[in-house]
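Notes to accompany the following structure.
By convention in this document, chain letters (A, B, ...) are assigned in the order of the sequence lines, proteins followed by strands, and residues within each chain are numbered from 1. In this text, all values refer to a predicted model and were calculated from it rather than measured experimentally.
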Amino acid sequence: MIEAQQLTKRYGEKTAVDQLGFVVKPGTVTGFLGPNGAGKSTTMRMIVGLDSPTSGSVTVNGRRYAQHRAPLQEVGALLEAKSIHPGRSAYQHLNALALTHGIPRRRVDEVIDLAGLGSVAKKRAGAFSLGMGQRLGIAAALLGDPQTVMLDEPVNGLDPEGVLWIRNLLTGLAMEGRTVFVSSHLMSEMALVADHLIIVGRGRLLADTTVQDLIREAGGNAVKVTAQDPARLREVLAGPGIEITGTTGSEELQVTGLSAREIGLTAIEHQIALFELSPSTVSLEEAFMDLTRDAVEYHGTTGETLGRAA
Amino acid sequence: MSTTLAPPQYRVTWRRVVRSEWAKLWSLRSTWITLGVAMVFLVAVGLIAAVQYKSQVGSGNPMDDDFTGATAVSLALFGVNFAQLALGVLGVLVTAGEYSTGMIRSTLAAVPRRVPVLWAKSLIFGLVALVIGTIGVFAAFLFASGIVSGTDAAISLSDPGVLRSLLGAGLYLGLVGVLGAALGSLLRSVAGGISVLVGVLMMVSLLLALLPSSWQDNVGKYLPSTAGESIYALTHDAGSLSPTAGLLVFVGWIALALAGAAYRLVRRDV
């Protein structure tokens with residue numbers, strides 16, 4: 001369980017994280033989404049105490065990270081930037097971390113196997129490929145058998161097999177009842193693993209929602225209709241919860257809240273000729289783009305004076 | 001939460017942080033190389049100085065200024081100036097190296113209270129430098145004594161001040177290691193840490209020569225380099241501190257650097 005309240009981080013004049021509030025619950029995979037520079041990594045660094053918030057707070061299982069007696073057992077984190085000494089082997093790196101907590105060597109061997117690093121565990125980590133480095137970071141995150149696993153862009157640099165491995169790992173960890181918090185700037189990747197989504201843009205919370213709700217809110221199930229008499233079709237379709245948009249002079253309408261079947265039946269009832277009737281499901285990617293584009297525009301206009309002052 | 005097995009009880013303790021730092025120190029090749037270099041400096045430079053002295057005594061020519069009044073102790077300690085650089089630089093690497101590689105994020109995620117890491121690193125590396133320095137100094141003395149026996153420089157371990165001087169040199173080298181670690185942590189940069197270390201140990205006393213002589217007498221003996229030298233010098237004059245006073249002043253400087261390092265470690269993001 002991760003809880004952030006009014007979490008804010010400023011670097012000089014620049015606000016990287018702006019009054020962010022969210023709860024990451026156990027038992028599900030929560031995706032942390034946002035364009036590059038949205039403040040995801042900064043937020044994650046604040047969760048494990050590497051950066052201190054300018055104001056607000058973030059707690060893990062009810063306490064600040066640094067107040068836990070065995071922090072690695074509370075949160076296992078893979079951070080975006082490389083966090084190893086290239087001169088040590090994977091085994092030596094993990095063992096040094098394990099020693100701080102009294103984690104047995106057996107567990108070090110376990111996570112090495114789990115991350116598929118068995119064959120390279122004795123090699124210098126500096127010679128690792130991006131993907132191997134990522135696996136080592138994940139092994140370190142799992143070392144303390146933590147209740148909460150937090151991974152920043154875990155699929156970066158992984159080959160398809162590695163990506164699949166991560167997906168299964170994340171869903172497996174959530175099924176064990178753990179809190180899983182994963183950041184990404186790729187909605188398509190998140191859609192495959194995440195149940196819950198926390199979406200940020202420019203440091204602000206844009207949406208705290210589920211995958212299904214996001215599609216629905218973004219006007220997911222719109223139907224495109226081209227009719228001979230769009231004005232009349234508009235009248236006969238109108239009703240509560242139904243939204244119809246279209247430009248005057250054009251025969252095309254966008255209808256949300258009705259299925260293509262319902263529109264077709266209503267049209268024939270009122271003898272309106274239809275030329276086209278096609279449901280267009282908005283992809284998760286589009287919904288995400290819409291959401292973040294709005295945020296950027298919003299900040300661009302209202303935040304202008306602030307921006308100039310910086 | 002919903003795990004059925006009772007999770008193992010892990011816990012961060014001071015002793016475990018020390019064990020972790022111990023493992024980290026010895027798992028890097030640079031540790032072995034630099035400690036080896038320090039040892040070679042101590043023994044080889046002491047040996048060369050002794051051989052050089054012996055050949056000048058034998059030649060009958062006037063002696064170099066460096067060698068007037070030389071003893072087996074002063075000859076053996078010729079290498080300290082070189083060894084202190086190796087040990088100080090390794091001290092900087094022990095702390096600042098974590099910042100340049102990014103390892104510090106892993107380290108502080110495991111020990112989020114942070115300061116125990118600085119204490120553990122300083123303690124461990126200080127002791128390692130002390131042991132290497134002491135062994136090296138005594139080895140250099142044994143070799144130098146053997147070479148200069150029968151000359152004016154010959155001096156025995158039981159002569160007054162000899163044992164104190166050699167142990168003092170080992171202690172000084174240990175403290176230089178701690179100073180390096182403190183500076184590396186304070187500056188978070190290998191290059192910056194080494195620069196300041198070299199500046200403190202070698203350059204400041206050169207700059208002092210530019211000051212009025214009354215200043216030199218009053219301020220000079222309290223500088224880290226001169227105070228440190230008093231710890232292991234065999235003879236002391238009115239212009240220098242006693243070994244104990246020198247030790248206290250040098251430890252004071254290191255405490256200052258450590259306090260700054262601890263403050264910055266706790267207060268600043270990584």
Max heavy-atom pairs within cutoff under 4.5 Å with chain A, candidates Pro116(B), Ser20(B), Ser100(B), Ala120(B), goes to Ser20(B)
Ring centroids only, cut at 6.0 angstrom: are Phe250(B) and Tyr222(B) within range, meaning strictly under it? no
With a sphere of 6.0 Å drawn around CD of Gln5(A), does it hold more than 12 non-hydrogen atoms of other residues, nucleotides or ligands? no
Residues Leu142(A), Leu169(A); criterion side chain to side chain contact (heavy atoms under 4.5 Å, CB included); working and verdict: CA-CA 11 Å; Leu142(A) 298 175; Leu169(A) 180 75; 4.2 Å; yes
CH2/Trp165(A): more than 12 non-hydrogen atoms of other groups inside 6.0 Å: yes
Any donor and acceptor pair, going by atom type alone, linking the side chain of Arg88(A) with main-chain N or O of Lys24(B) inside 3.5 Å? yes
Chi angles and distances behind the ring pair (Phe, Tyr, Trp, His ring centres under 6.0 Å) call for Phe41(B), Phe78(B): CA-CA 9 Å; Phe41(B) 273 152; Phe78(B) 253 80; over 10 Å; no
State whether the number of non-hydrogen atoms from other residues, nucleotides or ligands found under 6.0 Å of Arg107(A) atom CZ is greater than 12. yes
Could you tell me which portion of Arg64(A) (side chain, backbone, both or neither) has an atom closer than 4.5 angstrom to a non-hydrogen atom of chain B? neither
cation_pi(Lys123(A), Phe128(A)) dist<6.0 Å, angle<=45: no
Counting neighbours of OH on Tyr263(B) that are heavy atoms of other residues, nucleotides or ligands and sit closer than 6.0 Å, is the number greater than 12? no
I'd like to verify something: which residue of Gly27(A), Ala70(A), Ala66(A) has the highest number of heavy-atom pairs under 4.5 Å with chain B? Ala66(A)
Contact list (residues 42-57 of chain A to chain B, heavy-atom gap under 4.5 Å, by number) returns Arg45(A), Gly49(A), Leu50(A), Asp51(A), Ser52(A)
Does Arg105(A) CZ have over 12 foreign heavy atoms under 6.0 Å away? no
Is chain A contacted by the side chain of Arg15(B), its backbone, both, or neither, given a heavy-atom distance below 4.5 Å? neither
Quick check, are the ring centers of Trp32(B) and Trp26(B) under 6.0 angstrom apart? yes
With a 4.5 angstrom heavy-atom cut-off, could you sort out which part of Arg11(B) is near chain A: side chain, backbone, both or neither? both
Working for salt bridge (Lys or Arg N to Asp or Glu O under 4.0 Å), residues Asp18(A) and Lys9(A): CA-CA 7 Å; Asp18(A) 197 356; Lys9(A) 180 70 182 178; over 6 Å; no
Between Arg188(B) and Glu98(B) (salt bridge meaning N to carboxylate O under 4.0 Å), is one present in this structure? no
Checking heavy atoms, do the side chain of Val12(B), its backbone, both or neither come under 4.5 Å from chain A? both
Who in residues 97-104 of chain A is close to chain B, using a strict under-4.5 Å heavy-atom cut-off? Leu97(A), Leu99(A), Thr100(A), His101(A), Gly102(A), Ile103(A), Pro104(A)
Measure Ser30(B) against the heavy atoms of chain A and call it side chain, backbone, both or neither at under 4.5 Å. neither
